[in-house]
Student: 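Attaching a single structure in structure tokens format; questions to follow.
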Amino acid sequence: MEDFPEPRNADQASNAAMGEAEARGWFTRVQEARFPFFYSWDRPSEMEEFVAEDWSDFVQLSDPVKQTTRSAWASADADARVQVKVQILITRWKVLKAE
């Protein structure tokens, strides 16, 4: 999978809003951490459908990636699953001032 180079508008807007809230002294960032999260599908076609419907605005699957995934799944045993690992960012904020 390849991320598109530009972040989504919603991500940019929420990051800008939190940056402004922090700059105004309303919140302070207390802690940040990344953790892995796995998406799993029974077949490559399910993964392709999910990506096309839910991630199409920020991720793309190239034809070589699709073919490699299908080939690997076809040669695996019957219990094989397709998985994608993503990194999730979680941030803890502390309220400094309420308006």
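Both backbone and side-chain heavy atoms feed into the values below; hydrogens, waters and symmetry mates do not. Since this is a predicted model, take the numbers as computed values, not measurements. Numbering starts at 1 and runs along the sequence shown.
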Student: Can you name the nearest heavy-atom pair linking Trp93 to Val30, along with the distance?
Tutor: C-CG2, 4.1 Å
Student: Can you list the residues that meet the salt bridge (charged side-chain N to carboxylate O under 4.0 Å, His left out) rule with Glu22, with sequence neighbours excluded?
Tutor: Arg29
Student: Can you name the side-chain hydrogen bond (donor to acceptor under 3.5 Å, both in side chains) partners of Thr91, sequence neighbours left out?
Tutor: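 Testing Thr91 for side-chain hydrogen bond (donor to acceptor under 3.5 Å, both in side chains), a comparison that skips the adjacent residues, returns Glu32.
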Student: Under the ring pair (Phe, Tyr, Trp, His ring centres under 6.0 Å) test, which residues partner Phe37, sequence neighbours left out?
Tutor: Tyr39
Student: Name the orientation class of the two ring planes belonging to Trp41 and Phe50 (parallel below 30°, tilted from 30 to 60°, perpendicular beyond 60°).
Tutor: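 Tilted, since the angle between the ring planes falls between 30° and 60°.
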Student: Side chain to side chain contact (heavy atoms under 4.5 Å, CB included) with Glu53: which residues, sequence neighbours excluded?
Tutor: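 Glu49.
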Student: Honestly curious: do Ile88 and Val59 fall in one hydrophobic cluster under the side-chain, below-4.5 Å linking rule?
Tutor: yes
Student: How would you list, by chain and number, every residue that makes a side chain to side chain contact (heavy atoms under 4.5 Å, CB included) with Gln31, sequence neighbours excluded?
Tutor: Arg92
Student: List for me each residue that meets side chain to side chain contact (heavy atoms under 4.5 Å, CB included) alongside Arg70, sequence neighbours excluded, and say none if there are none.
Tutor: Pro44, Glu48, Lys66, Gln67
Student: Can you name the residues that form a side chain to side chain contact (heavy atoms under 4.5 Å, CB included) with Asp42, not counting sequence neighbours?
Tutor: Glu46, Arg81
Student: Are Phe35 and Val86 co-members of a hydrophobic cluster defined by side-chain heavy atoms under 4.5 Å apart?
Tutor: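 Yes, because Val86 and Phe35 connect within a single hydrophobic cluster, where side-chain heavy atoms sit under 4.5 Å apart.
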Student: Quick one: closest heavy-atom pair of Val95 and Phe27, and the distance?
Tutor: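 Heavy-atom minimum between the residues: CG2-CE2, 3.5 Å.
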